[in-house]
Amino acid sequence: MKSTPSFRTRRQRDRRARSVAAVAAIAAGALTLSACSLGAGSAGGSGGKTLTVGIWKGYGADLSWVATQFKQETGASLKFVYIDSERNLLDLMKKADGGIDVGLPNIQYIGDGIDGKLFHELDISKLTNFGHIYPQFADRKELRKDGKLYGIPWTYGSTGLFYDDRVFKTAPTSLSVLWDSKYKGKIAVNDNATVEIPTAALYKGEDPQHPSLGTIEPALKDLKANAKLLYSSTDDLAKALSSGTVVAGIGNNDAIGGLIGSGQTHLKYTVPKEGAVGWIDNWAISAKTKNLGLAYDWLNYMTGSKFLTKWADTPRTPPRRRPTRRSSSRWTPRSPADCRPTPRRSPPSPCNCPCPPHACSPGRTSGRR
């Protein structure tokens, strides 16, 4: 699938990365994790060095206490380069020529970075927490080329249905609300073909990974015709929601959760009965980094219990992203939107949810953003 007739193919997102792996998640509840060390990186020998990280602003890694913790562990400082799209991360890492040491490519884009020789092959023996990653994520073929690993999964979530409960007295349970003429001119869809294509496929009962363009092209055109807003940033969506011009739409769980947490408590997020598109974000090291050992320290710190436990316990309303590593979690699912894979199982799809099956419908996993 090379193009999307009804939507621009430029891959953008609302402040946070999202991919179309087959998972559905919204909670980021508190975790109880076993202790892990940084392992065989450059800890103890990085005094005075600076690690440069390419990431979305406000996405956990740049919390104020992270730099303090990481410096205590390694003696190194942190510098952040903020991205505004998945493609932007790849472009910046290429242009930096090793000046950005680590980045957070989405599962749909890491392949382009691998093919472009932007990422360093990962030595699993130096990844102290790799064995704790859910196999549904750790084993994904998108992270590998010629048997070599290039990324370690970090977080995951879903892109599903949001709505204004002041308008919907009965919560919508189907994607069909997006095509309902009753709400013509009041629907928001993000400018993101690799979300909209599988969403339209789910709506039409097609395989979201291999949909028939002949079937979904008319659906995409109808969706665009029904929409008020084709948005590429959370700020644009927030303005439309505040003004009341949008009452429902497609959005990723963390963006909607952020809007709810900022005061738009009338918003609700759900995984519709047809399923939702999922995403996975992964840490990768620049192929030209001059701080390889320190970069491994960062990957181990980001996927380790010290960071994840504190991040999970950091007040946030409502909690959003889920880590991809196993834990003896105190979190239990309360709704289909709270789905997550369960450890030590091998489901037929990349997701194994303790929730109704519709919460785990696969999204499009091929290609990159």
Side-chain angles (χ1 to χ4, degrees), residues 1-4 6-21 52-62 79-97 99-119 142-143 150-151 153-159 188-199 220 224 227 229-240 249-259 277-287 320-321 363-369:
M1 191 180 316
K2 305 260 187 193
S3 63
T4 309
S6 300
F7 292 87
R8 287 174 283 176
T9 57
R10 184 187 65 215
R11 174 66 169 160
Q12 294 182 328
R13 53 170 291 152
D14 16 347
R15 274 188 61 201
R16 305 273 210 271
R18 61 178 81 87
S19 100
V20 288
T52 302
V53 181
I55 195 173
W56 301 94
K57 187 175 179 61
Y59 188 7
D62 61 346
K79 176 183 176 181
F80 296 99
V81 175
Y82 294 116
I83 62 175
D84 58 22
S85 71
E86 295 294 345
R87 182 60 58 187
N88 180 230
L89 173 64
L90 300 186
D91 291 343
L92 286 174
M93 293 189 74
K94 181 178 181 179
K95 185 177 180 179
D97 199 33
I100 296 176
D101 299 294
V102 293
L104 191 70
N106 181 267
I107 194 74
Q108 271 200 300
Y109 276 81
I110 195 169
D112 286 351
I114 295 171
D115 292 341
K117 303 186 185 305
L118 293 180
F119 301 132
E142 293 95 336
L143 303 176
Y150 289 90
W154 188 49
T155 55
Y156 69 99
S158 63
T159 300
V189 295
N190 46 10
D191 185 12
N192 185 333
T194 55
V195 168
E196 307 314 330
I197 288 175
T199 297
L220 287 168
K224 185 176 180 180
L229 176 69
L230 195 65
Y231 69 94
S232 58
S233 75
T234 303
D235 290 341
D236 291 341
L237 178 60
K239 291 174 185 176
I250 301 170
N252 69 314
N253 61 286
D254 65 306
I256 303 305
L259 292 175
V277 176
W279 48 259
I280 307 171
D281 288 338
N282 315 269
W283 286 110
I285 298 175
S286 169
R320 297 186 290 278
R321 292 177 178 261
R364 182 173 173 231
T365 59
S366 60
R368 274 299 98 2
R369 315 209 239 185

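All heavy atoms count here, side chains included; hydrogens, waters and symmetry mates do not.
- With sequence neighbours excluded, no residue forms a salt bridge (Lys or Arg N to Asp or Glu O under 4.0 Å) with Asp236.
- For the pair Glu142 and Ile280, the minimum side-chain heavy-atom distance is 4.5 Å or more.
- Between the side chain of Asn253 and the main chain of Ser158, a donor-acceptor pair closer than 3.5 Å is present.
- To the nearest 0.5 Å, atoms CE (Met93) and CD1 (Ile83) are separated by 10.0 Å.
- Atoms CG and CH2, on Leu104 and Trp56 in that order, are 9.5 Å from each other to the nearest 0.5 Å.
- In terms of heavy-atom proximity, Gly251 sits nearest to Tyr231 at CA-OH, 3.4 Å.
- When all heavy atoms of Ala240 and Leu229 are compared, the pair lying nearest together is CB-CD2, 3.8 Å.
- Put simply, the side chain of Ile250 does not reach to within 4.5 Å of the side chain of Val277, judged on heavy atoms.
- If you check the side chains of Asn282 and Tyr150, you find no donor sitting under 3.5 Å from an acceptor.
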(request) Carefully, step by step, assess Phe119 and Ile110 under the rule side-chain contact (heavy atoms from CB on, under 4.5 Å). (result) CA-CA 8 Å; Phe119 301 132; Ile110 195 169; 3.8 Å; yes
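- Interatomic distance, Trp283 CH2 to Thr155 OG1, rounded to the nearest 0.5 Å: 9.0 Å.
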(message) Under the criterion side-chain contact (heavy atoms from CB on, under 4.5 Å), I'd like the reasoning laid out for Arg87 against Asp91: C-alpha separation, chi angles, the key distance, then a yes or no.
(response) CA-CA 6 Å; Arg87 182 60 58 187; Asp91 291 343; 3.7 Å; yes
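- Thr234 is listed as a side-chain neighbour of Leu259, based on a closest heavy-atom distance under 4.5 Å.
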(request) Could you walk me through whether Leu118 and Leu90 pass the side-chain contact (heavy atoms from CB on, under 4.5 Å) test, one step at a time? (result) CA-CA 8 Å; Leu118 293 180; Leu90 300 186; 4.1 Å; yes
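- Not counting sequence neighbours, the partners of Asp101 by the side-chain hydrogen bond (donor to acceptor under 3.5 Å, both in side chains) test are Thr289, Asn291.
- Here the closest non-hydrogen pair linking Leu89 and Pro105 is CD2-N, 3.5 Å.
- Side-chain contact between Val189 and Lys224 is absent, with no heavy atoms from C-beta onward closer than 4.5 Å.
- Rounding to the nearest 0.5 Å gives a distance of 11.0 Å between CG of Asn190 and OG of Ser233.
- In summary, Lys57 and Asp84 do not engage in a salt bridge, as defined by a charged side-chain N under 4.0 Å from a carboxylate O.
- Each of Ile100, Val102, Asp62 was checked for a side chain to side chain contact (heavy atoms under 4.5 Å, CB included) with Val53, and the lone residue meeting it is Val102.
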(request) Check the pair Ile55, Phe80 against side-chain contact (heavy atoms from CB on, under 4.5 Å), reporting the backbone distance first and the verdict last. (result) CA-CA 7 Å; Ile55 195 173; Phe80 296 99; 4.0 Å; yes
